[in-house]
Amino acid sequence: MKNKKLKYGMELNHVGITNKNEEQAIRFYQDFLGLEKTREILLPPELSEQLFSLSREIKALVFEKPGLKVEVFISDFQHANPNFTHFGLMLDNFAEITEKAQRSHVEIILGKHKEKTVYFLKDFSGNLIEIKQKS
């Protein structure tokens, strides 16, 4: 069976992740990455149960800049190990963010295979963000 191209446009609207606490989320996504905190959302227990099978109020913070929106859900949820969940960012100035990461005590993870090196940042709750230099 041949793959057929989709006949409707599609673009990524946002990424949703979990963070252990609000202060860590603000420190990483606003202070470190430079995204603007645009909203706070309180999901009532009924909606939280319907969407995430968790019957309690959940706070979410929304961080944005043009072309990028991250919804950060504040919860003590723990990912399974190993955790492959991540999102990727294309950066205008790769060197600047890696230098800032070292100054800000943000963990940088790098993996090498043959001629390729892959870089990840780890936020203060352990979420992985792959980073690449724009061409």
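No experiment lies behind these values; they were computed from the predicted model shown. Throughout, residue positions are numbered sequentially from 1 according to the sequence presented.
- Residue Ile58 holds its CD1 atom at 10.0 Å from CD of Glu49, rounded to the nearest 0.5 Å.
- Hydrophobic clustering (ILVMFWY, side-chain heavy atoms < 4.5 Å, transitive): Phe52 and Val72 are in distinct clusters.
- Under the 6.0 Å cut-off for aromatic ring centres, Phe124 and Phe32 do not qualify, their centroids lying 6.0 Å or more apart.
- Linking ILVMFWY side-chain heavy atoms closer than 4.5 Å, directly or via other members, places Leu110 and Phe120 in two distinct hydrophobic clusters.
- Between Tyr29 and Leu33, the shortest heavy-atom contact is O-CB, 3.6 Å.
- Atom CD of Gln30 is separated from atom NZ of Lys37 by 7.0 Å, given to the nearest 0.5 angstrom.
- The two residues Ser75 and Arg56 have their closest heavy-atom pair at OG-NH2, 3.2 Å.
- Residue Phe73 comes nearest to Glu71 through the heavy atom pair CZ-OE1, 3.7 Å, listed as atom of the first residue, atom of the second, then distance.
- Tested against Ile109 for a side-chain contact (heavy atoms from CB on, under 4.5 Å), the candidates Leu121, Ile129, Leu128 yield a single pass: Leu128.
- The two residues Pro45 and Glu57 make their nearest non-hydrogen contact at CG-N, 3.7 Å.
- Grouping the Ile, Leu, Val, Met, Phe, Trp and Tyr side chains by contacts below 4.5 angstrom, directly or via other members, places Phe63 with Leu12.
- Looking at heavy atoms from C-beta onward, Ile97 lies out of side-chain contact with Leu89 at the 4.5 angstrom threshold.
- When the side chains of ILVMFWY residues are joined at heavy-atom separations under 4.5 Å, either directly or via intervening members, Ile131 and Met90 end up in two distinct hydrophobic clusters.
- In this structure, Val106 is a member of the same hydrophobic cluster as Phe94, with clusters built from ILVMFWY side-chain heavy atoms closer than 4.5 Å.
- A distance-only check finds a donor-acceptor pair linking the side chain of Ser125 to the backbone of Lys20 [under 3.5 Å].
- With rounding to the nearest 0.5 Å, the separation of CG in Asn21 from CG in Asp76 is 10.5 Å.
- In terms of heavy-atom proximity, Asn127 sits nearest to Thr18 at ND2-O, 2.6 Å.
- Residue Lys69 forms a side-chain contact (heavy atoms from CB on, under 4.5 Å) with just one option from Val62, Thr38, Val15, Leu35, and that option is Val62.
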Step-by-step side chain to side chain contact (heavy atoms under 4.5 Å, CB included) determination, Ile17 to Asp123: CA-CA 11 Å; Ile17 61 168; Asp123 76 9; 4.1 Å; yes
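- More than 12 heavy atoms of other shown residues, nucleotides or ligands fall within 6.0 angstrom of atom NZ in Lys100.
- When every heavy atom of Asn93 is checked against every heavy atom of Gln133, the shortest pair comes out as C-OE1, 3.8 Å.
- Not a single side-chain hydrogen bond (donor to acceptor under 3.5 Å, both in side chains) links Ser104 to another residue, sequence neighbours left out.
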